[in-house]
Amino acid sequence: MSLADTLRLLLLSSLWGFSFIFMRVAAPEFGAVSLILLRMALGALLLVPLLLKREYLRLLCQNLGPLFVLGLTTAALPYTLLALATMRLEAGFTSLINAATPIATALIGAVFFATPILRQQVLGLTLALIGVAVLSGGRLDFSTGGDGWFILSALGATLCYGFGGNYSRTRLSHLPSRVLAAGSCAVAALVLTIPGLLLWPEAPVSDVAWGSALGLAALSTAAALLLYFKVLASAGATAASTVTMLVPVSALAWGVVLLGETISLQVLVGMVVTLLGTGIATGAVRLRRKRTLPLQ
């Protein structure tokens, strides 16, 4: 990746790291679906004005079908699944499960988009899966009050991101980042309008939850999506998905500082193994091959 893409990834990781904090605070009061409706609707209001040019509107109209698929798989579904997960799981823990996104991106790319998987990627994907298993060990309880379904919800979000990233790269890479961001946001808002309104909370929502929802929409959605699609177009789907390696560091740190979350040894070990595997799979961590000296 270029220096510019690297800097964009660092900023994007901070914005998306905070999204887990925002969701952890707001989701219990709004509910997962209503919170993401608010996130997408406000995000669309901020982004759609960027399309008020004939060229952008023409591109939007010409690509409504693919943009619908993109909005569903990169926004409406994964954001709702992650918001549901944060209603039970710690912000930092949820972000670590979400770090499996490059695994899903590479596997879905190989199965559905004819993207080859290299030998180094196989090793990295295996390590990352082991890391997720370490993180989830002892918490995959599917009985009432258990964490199992919420962990599966977070993993389901990674599958959505994996498909959406590959789909965008292969079908929509010709579109400007503002068209992708605004279009996917608007689609997600439309998809979630009816269920979000039907599930809107009856009890008053606190000012802290409203503030978190607004921050989620403006910073972790509108600004972050513009950055994400810019990196996606420039560096590719798997490279863009490496942002999930950086997001957990931000989410874990802010979870401790702002929410009083704790970091156990199991989480630390799982984080190291998961992020190491992700780094190897995406090429961020390169393995050196031993060189054989020529015979004299």
Side-chain angles (χ1 to χ4, degrees), residues 12-33 35-36 39 77-105 125 127-162 208-209 212-213 215-216 219-220 224 241-279 281:
L12 181 59
S13 70
S14 298
L15 295 176
W16 272 345
F18 247 107
S19 72
F20 291 92
I21 307 300
F22 290 143
M23 287 189 291
R24 179 68 171 154
V25 172
E29 294 193 45
F30 279 100
V33 178
L35 174 62
I36 302 307
R39 176 181 188 176
L77 286 176
Y79 288 170
T80 301
L81 289 171
L82 287 175
L84 177 62
T86 58
M87 293 180 68
R88 176 76 184 203
L89 307 175
E90 301 89 341
F93 182 85
T94 308
S95 71
L96 284 170
I97 297 296
N98 191 52
T101 293
I103 305 173
T105 301
L125 295 174
L127 277 176
L129 287 172
I130 292 173
V132 172
V134 171
L135 285 170
S136 304
R139 300 190 65 166
L140 283 176
D141 180 4
F142 295 97
S143 61
T144 303
D147 294 337
W149 293 114
F150 297 93
I151 291 175
L152 288 185
S153 179
L155 287 172
T158 69
L159 294 175
C160 294
Y161 284 138
V208 174
S212 295
L216 186 64
L219 299 176
S220 301
S241 66
T242 59
V243 68
T244 52
M245 295 174 58
L246 304 172
V247 168
V249 179
S250 172
L252 281 169
W254 287 117
V256 171
V257 173
L258 299 177
L259 303 180
E261 296 180 353
T262 59
I263 303 176
S264 65
L265 179 60
Q266 178 182 350
V267 169
L268 286 175
V269 173
M271 178 182 70
V272 170
V273 176
T274 301
L275 297 187
L276 176 61
T278 300

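What's counted below: heavy atoms across the whole structure, side chains too, no hydrogens, waters or symmetry copies.
Taking CG of Leu140 as the start and CH2 of Trp149 as the end, the distance is 10.5 Å to the nearest 0.5 Å. For the atom pair CG (Leu152) and CG (Leu81), the distance works out to 10.5 Å, reported to the nearest 0.5 Å. If you take CZ on Phe150 and CE on Met87, they are separated by 7.0 Å, rounding to the nearest 0.5 Å. Within the model, atoms CG of Leu155 and CG of Asn98 stand 9.5 Å from one another, a figure rounded to the nearest 0.5 Å. For the atom pair OG1 of Thr101 and OH of Tyr161, the computed distance is 7.0 Å after rounding to the nearest 0.5 Å.
When all heavy atoms of Ala32 and Thr80 are compared, the pair lying nearest together is CB-O, 3.9 Å. The shortest heavy-atom contact between Ala99 and Pro248 is CB-CG, 4.0 Å. Between Val247 and Ser95 the shortest heavy-atom distance is CG1-CB, 4.3 Å. Residues Ile103 and Ala128 share a closest heavy-atom pair of CD1-CB, 3.1 Å. Of all heavy-atom pairs spanning Ile151 and Ile97, the tightest one is O-CG2, 4.2 Å.
Pairs passing the ring-ring contact (aromatic ring centres under 6.0 Å, His included) check and including a residue from residues 80-100, sequence neighbours excluded, do not occur. Pairs of residues two or more places apart, or lying in two chains, that qualify as ring-ring contact (aromatic ring centres under 6.0 Å, His included) and include a residue from residues 246-271 are Phe18-Trp254. Residue pairs satisfying the salt bridge (charged side-chain N to carboxylate O under 4.0 Å, His left out) criterion with at least one member in residues 90-105, sequence neighbours excluded, are listed as follows: Glu90-Arg139.
With sequence neighbours left out, the side-chain hydrogen bond (donor to acceptor under 3.5 Å, both in side chains) criterion links Glu261 to no other residue. Residues that satisfy the side-chain hydrogen bond (donor to acceptor under 3.5 Å, both in side chains) test with Ser143, not counting sequence neighbours, are Asp141. In this view, Glu29 satisfies the salt bridge (charged side-chain N to carboxylate O under 4.0 Å, His left out) rule with no residue, not counting sequence neighbours.
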Let me have the donor-acceptor pairs involving side chains of residues 265-275, under 3.5 Å, with sequence neighbours excluded, atom names and distances please.
| from | atom 1 | to | atom 2 | distance (Å) |
| --- | --- | --- | --- | --- |
| Gln266 | NE2 | Val134 | O | 2.7 |
| Gln266 | NE2 | Leu135 | O | 3.3 |
| Gln266 | NE2 | Gly137 | O | 2.8 |
| Thr274 | OG1 | Gly131 | O | 3.4 |
| Thr274 | OG1 | Val132 | N | 3.3 |
| Thr274 | OG1 | Gly270 | O | 2.7 |

Give every donor-acceptor pair under 3.5 Å between a side-chain atom in residues 19-27 and any protein atom, sequence neighbours left out.
| from | atom 1 | to | atom 2 | distance (Å) |
| --- | --- | --- | --- | --- |
| Ser19 | OG | Trp16 | O | 2.5 |
| Arg24 | NH1 | Thr86 | O | 2.8 |
| Arg24 | NH1 | Leu89 | O | 3.3 |

message: For Leu82 and Ile36: C-alpha separation, side-chain torsions, deciding distance, then whether side chain to side chain contact (heavy atoms under 4.5 Å, CB included) applies.
response: CA-CA 10 Å; Leu82 287 175; Ile36 302 307; over 6 Å; no
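Counting only distance, with no hydrogens or angles, the side chain of Ser220 and the backbone of Leu15 share a donor-acceptor pair below 3.5 Å.
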